[in-house]
Undergrad: 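Sharing a structure with you now.
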2 protein chains.
Amino acid sequence: MAKTRWLTDEQQCVWRTYLLMSKRLNAALVRQMQADSELSIADFEVLVALTDTPEGRVRYAELARILTWEKSRLSHQVARMQKRGLVERRACTEDGRGAYVAITERGRKAIEQAAPKHVETVQQLVFDKLSDDEAKQLQAISARILEGLDCPD
Amino acid sequence: MAKTRWLTDEQQCVWRTYLLMSKRLNAALVRQMQADSELSIADFEVLVALTDTPEGRVRYAELARILTWEKSRLSHQVARMQKRGLVERRACTEDGRGAYVAITERGRKAIEQAAPKHVETVQQLVFDKLSDDEAKQLQAISARILEGLDCPD
DNA sequence: CCAACATTGGTGACACGTCAACTATTTCGC
DNA sequence: GCGAAATAGTTGACGTGTCACCAATGTTGG
């Protein structure tokens with residue numbers, strides 16, 4: 001291996017600040033979600049994806065694609081959510097292998113309650129802190145980093 | 001609750017791009033660490049903290065403070081790392097309740113091997129993509145968001 | 001001194017994510 | 001058609017993180 005390009009002091013500072021921010025921001029969102037609703041972030045994402053579809057139901061593989069989750073993760077997650085009555089499995093007549101995930105009334109109620117508080121939290125923790133310019137910069141930087149990121153999806 | 005301040009389209013775009021980036025960047029780092037070493041990110045963080053101390057050993061509570069981890073998380077983590085010979089527990093003579101976590105030779109070797117590749121990955125995935133200005137912006141934005149973040153530490 | 005209280009750390013149950021292996025169905029080449 | 005390969009989803013084992021509770025030791029006020 002060639003000589004290591006160690007981080008400069010400035011780079012270390014950038015990197016550690018970013019890491020800390022992203023960890024704490026995420027932790028804060030998890031805490032808020034848990035405090036204000038019966039949902040986890042993962043539950044929330046699944047329910048959002050389901051309400052975004054006209055029928056309120058999607059095939060597993062499609063849902064996994066939307067969320068960019070592994071299929072087995074989705075399988076476990078849906079099994080847990082089903083136990084709590086947030087979603088249902090439905091047989092798929094077109095394809096004997098497949099199945100639908102459908103949102104239930106209880107699931108719909110849960111997300112309708114959770115969404116406003118979650119959005120408000122994002123506003124408070126992120127956008128209230130940043131100028132319009134900074135928000136644009138954050139997007140540009142995120143997009144730049146995303147570009148080269150090989151994602152095995 | 002007052003009327004919800006929903007996200008504007010631009011805000012949604014910023015937010016989703018940031019979320020995706022931070023998730024994928026993290027996933028890429030985990031993959032690289034797993035591919036190039038026998039360590040997880042958590043292992044790595046613990047070993048870094050240990051090598052940062054002159055003695056190569058720290059009390060549990062202090063280590064938890066350094067990492068801003070919960071004590072029980074650290075306890076589980078150290079137990080697993082101990083099984084793999086990366087760290088040792090040592091009795092604390094000054095305080096019968098306490099204990100030290102100490103890095104082993106095996107642990108030292110592991111981190112010395114893992115660090116260069118990890119740093120190189122951070123360079124490639126982050127700093128090679130960003131101009132100096134963008135790096136500064138990222139730091140400023142992260143710091144800004146961190147400011148108001150109540151952290152229960 | 002000794003009874004409350006605080007502190008240090010550990011433990012068990014559970015939620016979550018990944019990986020590898022599996023079953024059942026469909027599709028495709030011949 | 002039919003057997004091989006692809007596809008849909010499941011399962012079990014394991015690493016990991018959190019929470020609530022526990023044990024042991026130390027500290028402190030009367």
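What you see is a predicted model, and the numbers here were worked out from it, not measured in a lab. A, B, ... follow the sequence lines: proteins, then strands. Residue 1 opens every chain.
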Undergrad: With side-chain contact (heavy atoms from CB on, under 4.5 Å) as the test, would you mind laying out the steps for A/Q123 and B/Q11 before giving the verdict?
TA: CA-CA 9 Å; A/Q123 290 277 13; B/Q11 287 177 328; 3.4 Å; yes
Undergrad: Which pair of non-hydrogen atoms, one from B/R97 and one from B/D95, has the smallest distance, and what is that distance?
TA: NH2-OD2, 2.8 Å
Undergrad: Find the distance A/Y100:OH to D/dA8:C1' and express it as a whole number of Å.
TA: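 Between C1' of D/dA8 and OH of A/Y100: 13 Å.
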Undergrad: Return no unless some side-chain N or O of A/R80 is found under 4.0 Å from OP1 or OP2 of C/dC14.
TA: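 For C/dC14, OP1/OP2 do not have a side-chain N/O of A/R80 under 4.0 Å.
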Undergrad: When you check the phosphate oxygens OP1 and OP2 of D/dT16, does a side-chain N or O of B/S40 lie under 4.0 Å from one of them?
TA: yes
Undergrad: Taking NZ, NE, NH1 and NH2 as the nitrogens, is one of them in B/E112 or B/K109 under 4.0 Å from a carboxylate oxygen of the other?
TA: no
Undergrad: So, are B/E134 and A/R144 salt-bridged, with charged N and O less than 4.0 Å apart?
TA: yes
Undergrad: Does B/Y60 place a side-chain N or O at less than 4.0 Å from the phosphate oxygens OP1/OP2 of C/dG10?
TA: yes
Undergrad: Which nucleotide in the list C/dC16, C/dT11, D/dT16 gets nearest to the side chain of B/Q77?
TA: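 Per side-chain heavy atoms of B/Q77, the pick is D/dT16.
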Undergrad: May I have the distance from B/W69 (atom CH2) to C/dG10 (atom P), rounded to whole angstrom?
TA: 14 Å
Undergrad: Indicate whether OP1 or OP2 belonging to C/dG10 is found under 4.0 Å from a side-chain N or O atom of B/R89.
TA: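 Yes, such a contact exists.
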Undergrad: Calculate the interatomic distance between B/L74 atom CG and D/dT16 atom P; express it in whole Å.
TA: 13 Å
Undergrad: Might you confirm whether atom NZ of A/K23 has over 12 heavy atoms from other residues, nucleotides or ligands at distances under 6.0 Å?
TA: yes
Undergrad: Please determine whether a side-chain nitrogen or oxygen atom of A/R73 lies at a distance below 4.0 Å from atom OP1 or OP2 of C/dG17.
TA: yes
Undergrad: Starting from the 5' end of DNA chain C, give me the residue, B/A79 or A/E70, whose nearest nucleotide shows up first.
TA: B/A79
Undergrad: What is the separation between atom CG on A/L67 and atom P on C/dG17, rounded to the nearest whole Å?
TA: 11 Å
Undergrad: Kindly point out which of C/dT26, D/dT10, D/dC19 is positioned nearest to the side chain of A/D95?
TA: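 Of the options given, the side chain of A/D95 lies nearest C/dT26.
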Undergrad: Reckon B/S75 has a side-chain N or O less than 4.0 Å from the OP1 or OP2 of C/dG9?
TA: no
Undergrad: Mind calculating the distance between CZ (A/R97) and C1' (C/dT23) to the nearest angstrom?
TA: 12 Å
Undergrad: Please report, rounded to the nearest Å, how far the P atom of C/dC22 is from the NZ atom of A/K71.
TA: 14 Å
Undergrad: What is the distance, rounded to the nearest whole Å, between atom CZ of B/R90 and atom P of C/dG9?
TA: 15 Å
Undergrad: Find the distance A/H76:NE2 to C/dA21:P and express it as a whole number of Å.
TA: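 Taking NE2 of A/H76 and P of C/dA21, I get 15 Å after rounding.
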Undergrad: Side chain of B/A42 only, heavy atoms from C-beta on: which candidate in D/dG17, D/dG9, C/dT26 is closest?
TA: D/dG17
